[in-house]
Structures are given as C-alpha cells and as structure tokens.
K.L.:
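What follows is a structure written as structure tokens; I'll ask about it next.
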Amino acid sequence: MSFALVFAASLIAVLALVGLAAWARIAAPTPPLDEPSARVLMAEEFPGEPLSALWLSADGTGAIGRAGDKALVLVRVGDAYAARRLPWSAARDAAIADGKLTLPGADAATPRLRLAVGAAWPPPEAPA
Amino acid sequence: MKTDLVTLATPFFVLAVIVEILAARFLAARARYEARDTAISLFMGLGSTAAGLLTAGVVAAATLFAYQHRLFTIPMTAWWAWVAIFFLEDLTYYLFHRLAHERRFWWASHVNHHTSQHYNLSTALRQTWTGGLAGTWLLWMPLAFLGFPPLMIATQKGISLIYQFWIHTEAIGRLPAPIEWLFNTPSHHRVHHARNPRYLDRNYAGILIIWDRMFGTFEPETDEERPRYGIVRNLGDFNLVRAVFHEWAAIGADLARARSLRDVAGYLFGPPGWSPDGSRETSAMLKARWAATRR
C-alpha cells in the first residue's frame, strides 16, 4: 500500500516536471536545416566521409547525404538528430507515401526513418 | 533498504530538477530540457523502481545467503568498516560500470541510462528496467561474503546512487583541481555520457575518479571538443518501450541469424558493436578511426 502511494505521488511529480519542462521552453533551438547547417551536422555525425551530394527534406527536419555507396541520413528527433548510415541503393529505392520518404532503419533503435520529400528527390547527382 | 535511502532522497531529486529548469529559464544556466526527452527519462526512473521489486527478493536472499557464509564479521559500528566499504563498494561500482559498457549482455540493460541526447538532472533518473535480470547485482555479493552486513552494503550503494545524481548537469563547470583529481564530477561524467569517439568508454567512476586514473580509463573533458551526448546510434523516436528494450531486441535479432557458437558468444558477450565479419563498429574501432584522422 505504501509503495502504491509513493508510486502515485511519483507519477504526479513526473507529470508536473514534464509540464514544467515544456513550459520553460529551454530545448535546443532547431531551425530548419539549410545546406551549411546540414553539412556541419553531417561532418559531426559522419567524420571523414565527404559528401558528393546532399538533399534536404522539404520541411528541413532531415537530410540525406551521399558518400560513395552509402546514404548518410539525419532525422530530427525532438531537438536533436538521429543519424544512420544505409546502403545508397536502399535510400534511392525507398518508398514514398503521403509525401514522406520512408527509409528502412538499420536497427532496433530506429525501425524507420521518415523524411518529408519534395521535388528535389532524388538529388540530381544520383544515378537514376 | 537501498530503496529506502533513495526514496528518502526522491523529493530532493524532484526539487533539484525544478531548480535546474528554472535556473535555465530565468538565469541562463546551462541546461537544455526537451519535454518528451524529459518524460522518457522520468518514466524510466519510475519504471525502474517498479521493475526493481521483481528481483528485490532474490537479491536480498542471495545477499543474506552470502552473509550467512561470511569469512569475517565486520561490525557496522566500527568507523574503519565504513571507510573500508566506502572504497570497496566504489571499486565494485567501477567494475560493474565497466562491465556494463564493455560487454553487450550487460550493456543491453545499462544502455537505457545513456539514450538521452541531453545531459541534465532528469537524465540521472533514466534508469534501467532490466538490471536485476541482467544479474549485475552479483558483483556486490563478495562484500557480503567478506562480512559486511547487508544493511551496510545497501546503505553505501544508496549513498553512491544519490551522489551520482548531482553530477548529471551541464550547469556546473569544472570544480577546483583537487576535487576534480579525486572525485567524479559533472565534468568527468559529461565525458562518460558523451558519444564523441574520444570520450567513448571512459570515466566509469561512481564517487571517486581515482579508479579510472588507476586502471587507464580516465579522460578529461576538453574545451577543444564539447561532449555530444547519447549513444553511437541514437534512438529515432520517443517510444518508451523501444527506449527500454531496443538493445535486447537487437541481441535477439542477432542471435536468430548467428551461425556458430562463436557468433552467439560474440553477440552476447562481445563488446557492443561486435559482429562476426567486423562490419559493425565497436568503441575501440571508432576510437581507432578517430585517432587515425588526427594523425
């Protein structure tokens, strides 16, 4: 019984703290990606892998870079990014539905990567 | 008993998180909070408490069994006994923590604590749900077998856990050199939570950083390279279940495709990132690649 009370009180505290964190608006600023900012992020996440092409998602929340036969993918998660390296062919052949490119995730931590697609996909440098 | 000490400290934890958020909001203290990330951290803390109950009986029974077969009888009232358990428990924590990072079976439960890309006081509460099942509590059994009373062990474990709460912050810079030399500090623990190759698998300390200095796993925080937090392959969403179990699921998928006992052993007990053909990267490989780019 006492555990149930402590647990209930803790649950209320958790909800209050989450509310406080949302109210405070102190998340990291994440303006839509442009090419320079995407390249900086790509260099941080994939050092030593120079890009031959870069594509930004339509809403600026993600990017795909091409480095040889690899697609280097960034997807915004909250105020941060998840990065994955996929075979380029997997990115090129990925399905588009409802304006979203759905890339197969490479692992259990990210089953899918979804990016808003615009007219620019695939990048002109990519082979058809 | 451990739960009692930590439960007693819980109001302090809540208050400290409030203070950190308000200090960031109104005093420009260095702290970032994203609401969904905070929710995951706090719900993982809450769930960890509940999950701990599932194995608490087994842990208590095993500790009592070891104590009943103790080598010596160490009195709780002796000052030297507290000094001894302070150092021995802290060394045990170092060993546990190193194992939890360097072998995948134990990493699967500990990775939970590292999945936030933020480093704030709520991150400290992002605790595992599966630690009891992973069995790392066995590492503390030798203390009971030596003759430290279970209550004494639980108390010191609680003290260590409470100590480690306050170091999960960016709001505190570097402390005076003697403190940084001796103790685990926010600066040292920022390094531990960083995923920059330079910082991977470093600073395993609980209270005293001396163990890392002694065993070659110490890395200072540098102004040249700010820590980037999280794990090498960060989570792609805020799904609580995925956050808790993703590495266990990944192990299951790997075991399903294992072709030999060597593969099974590697997937379970190799370093995180191990693969039979070396196509994935372990921390050691990432560090080596990083070091090569600096030459």
Side-chain angles (χ1 to χ4, degrees), chain A residues 2-30 40-41 43-50 61-62 73-87 102-115, chain B residues 3 7 10-11 13-14 17-18 21-22 24-26 29 31-43 45-46 49-50 53 111 115-118 120 122 125 196-197 228-239 242-243 245-253 280 289-290 292-293:
Chain A
S2 64
F3 176 79
L5 281 175
V6 170
F7 193 84
S10 301
L11 186 61
I12 292 167
V14 164
L15 296 174
L17 289 176
V18 172
L20 181 68
W23 165 83
R25 295 183 178 277
I26 49 174
T30 44
V40 168
L41 273 176
E44 276 185 2
E45 295 291 343
F46 307 103
E49 296 184 72
T61 63
V73 186
L74 287 174
V75 176
R76 193 157 87 196
V77 183
D79 61 348
Y81 289 86
R84 289 295 186 278
R85 193 182 283 106
L86 303 172
T102 303
L103 299 165
D107 50 64
T110 307
R112 281 180 307 281
L113 298 155
R114 302 192 78 202
L115 295 97
Chain B
T3 306
T7 302
T10 299
F13 294 159
V14 172
V17 171
I18 292 172
I21 291 174
L22 294 179
R25 176 72 178 79
F26 295 113
R32 295 283 184 197
Y33 276 80
E34 203 275 347
R36 287 167 295 175
D37 176 84
T38 305
I40 293 285
S41 291
L42 298 178
F43 276 110
L46 196 58
T49 306
L53 290 179
V111 64
T115 48
S116 176
Q117 294 199 54
H118 288 273
N120 55 44
S122 79
L125 305 176
N196 319 43
R228 290 183 293 119
Y229 305 109
I231 53 179
V232 171
R233 299 162 76 83
N234 279 310
L235 298 176
D237 57 24
F238 293 104
N239 182 315
R242 189 158 22 251
F245 296 108
H246 71 94
E247 189 63 22
W248 291 113
I251 288 177
R280 302 181 197 166
R289 188 150 61 86
W290 168 77
T293 61

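Just so you know, these numbers use all the heavy atoms, side chains as well, and skip hydrogens, waters and symmetry mates. Chain A is the first sequence line, chain B the second, and so forth, proteins listed ahead of strands; every chain is numbered from 1. Computed from a predicted structure; not experimentally measured.
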K.L.:
Where does L125(B) contact chain A at under 4.5 Å (heavy atoms): side chain, backbone, both or neither?
P.N.:
neither
K.L.:
Is it the backbone or the side chain of A39(B) that comes under 4.5 Å from a heavy atom of chain A, or both, or neither?
P.N.:
both
K.L.:
Is L113(A) close to chain B through its backbone or its side chain, or both, or neither, when contacts mean heavy atoms under 4.5 Å?
P.N.:
neither
K.L.:
Hey, which of D237(B), T38(B), L46(B) has the most heavy atom pairs under 4.5 Å with chain A?
P.N.:
L46(B)
K.L.:
Not counting sequence neighbours, which residues clear ring pair (Phe, Tyr, Trp, His ring centres under 6.0 Å) with F238(B)? List them please.
P.N.:
none
K.L.:
Using modelled atom types only, decide if a donor and an acceptor are shared between the side chain of E34(B) and the backbone of A28(A) within a distance under 3.5 Å.
P.N.:
no
K.L.:
Assess the residue pair E247(B) and I231(B) against the criterion (side-chain contact (heavy atoms from CB on, under 4.5 Å)); give the C-alpha distance rounded to whole Å, side-chain angles, the decisive distance to 0.1 Å, and a yes or no.
P.N.:
CA-CA 12 Å; E247(B) 189 63 22; I231(B) 53 179; over 6 Å; no
K.L.:
Keeping the roles fixed (side chain from D37(B), backbone from I40(B)), state whether a donor-acceptor pair exists under 3.5 Å.
P.N.:
no
K.L.:
With a 4.5 angstrom heavy-atom cut-off, which part of A13(A) approaches chain B: side chain, backbone, both or neither?
P.N.:
side chain
K.L.:
Which atoms of A50(B) are under 4.5 Å from chain A, going by heavy atoms: the side chain, the backbone, both sets, or neither?
P.N.:
both
K.L.:
Heavy-atom distance under 4.5 Å to chain A: side chain of F26(B), backbone, both or neither?
P.N.:
side chain
K.L.:
If you count heavy-atom pairs under 4.5 Å with chain A, which of H118(B), R228(B), R36(B) comes out on top?
P.N.:
R228(B)
K.L.:
Test side-chain contact (heavy atoms from CB on, under 4.5 Å) on V73(A) and L115(A) and set out the steps.
P.N.:
CA-CA 10 Å; V73(A) 186; L115(A) 295 97; 4.2 Å; yes
K.L.:
Going by the rule salt bridge (charged side-chain N to carboxylate O under 4.0 Å, His left out), which residues pair with D79(A) if we only count those two or more places apart in sequence or in a different chain?
P.N.:
none
K.L.:
Among V77(A), T110(A), D107(A), who wins on heavy-atom pairs under 4.5 Å with chain B?
P.N.:
V77(A)
K.L.:
Go through the atoms of R242(B) and report whether side chain, backbone, both or neither lie under 4.5 Å from a heavy atom of chain A.
P.N.:
side chain
K.L.:
Within the distance-only criterion (no hydrogens, no angle test), does the side chain of R233(B) pair as donor or acceptor with the backbone N or O of A82(A) below 3.5 angstrom?
P.N.:
no
K.L.:
Under 4.5 Å heavy-atom distance to chain B, tell me which part of V75(A) shows up: side chain, backbone, both or neither.
P.N.:
neither
K.L.:
List the steps and the verdict of side-chain contact (heavy atoms from CB on, under 4.5 Å) for F43(B) and L15(A).
P.N.:
CA-CA 9 Å; F43(B) 276 110; L15(A) 296 174; 4.0 Å; yes
K.L.:
Which atoms of R112(A) are under 4.5 Å from chain B, going by heavy atoms: the side chain, the backbone, both sets, or neither?
P.N.:
neither
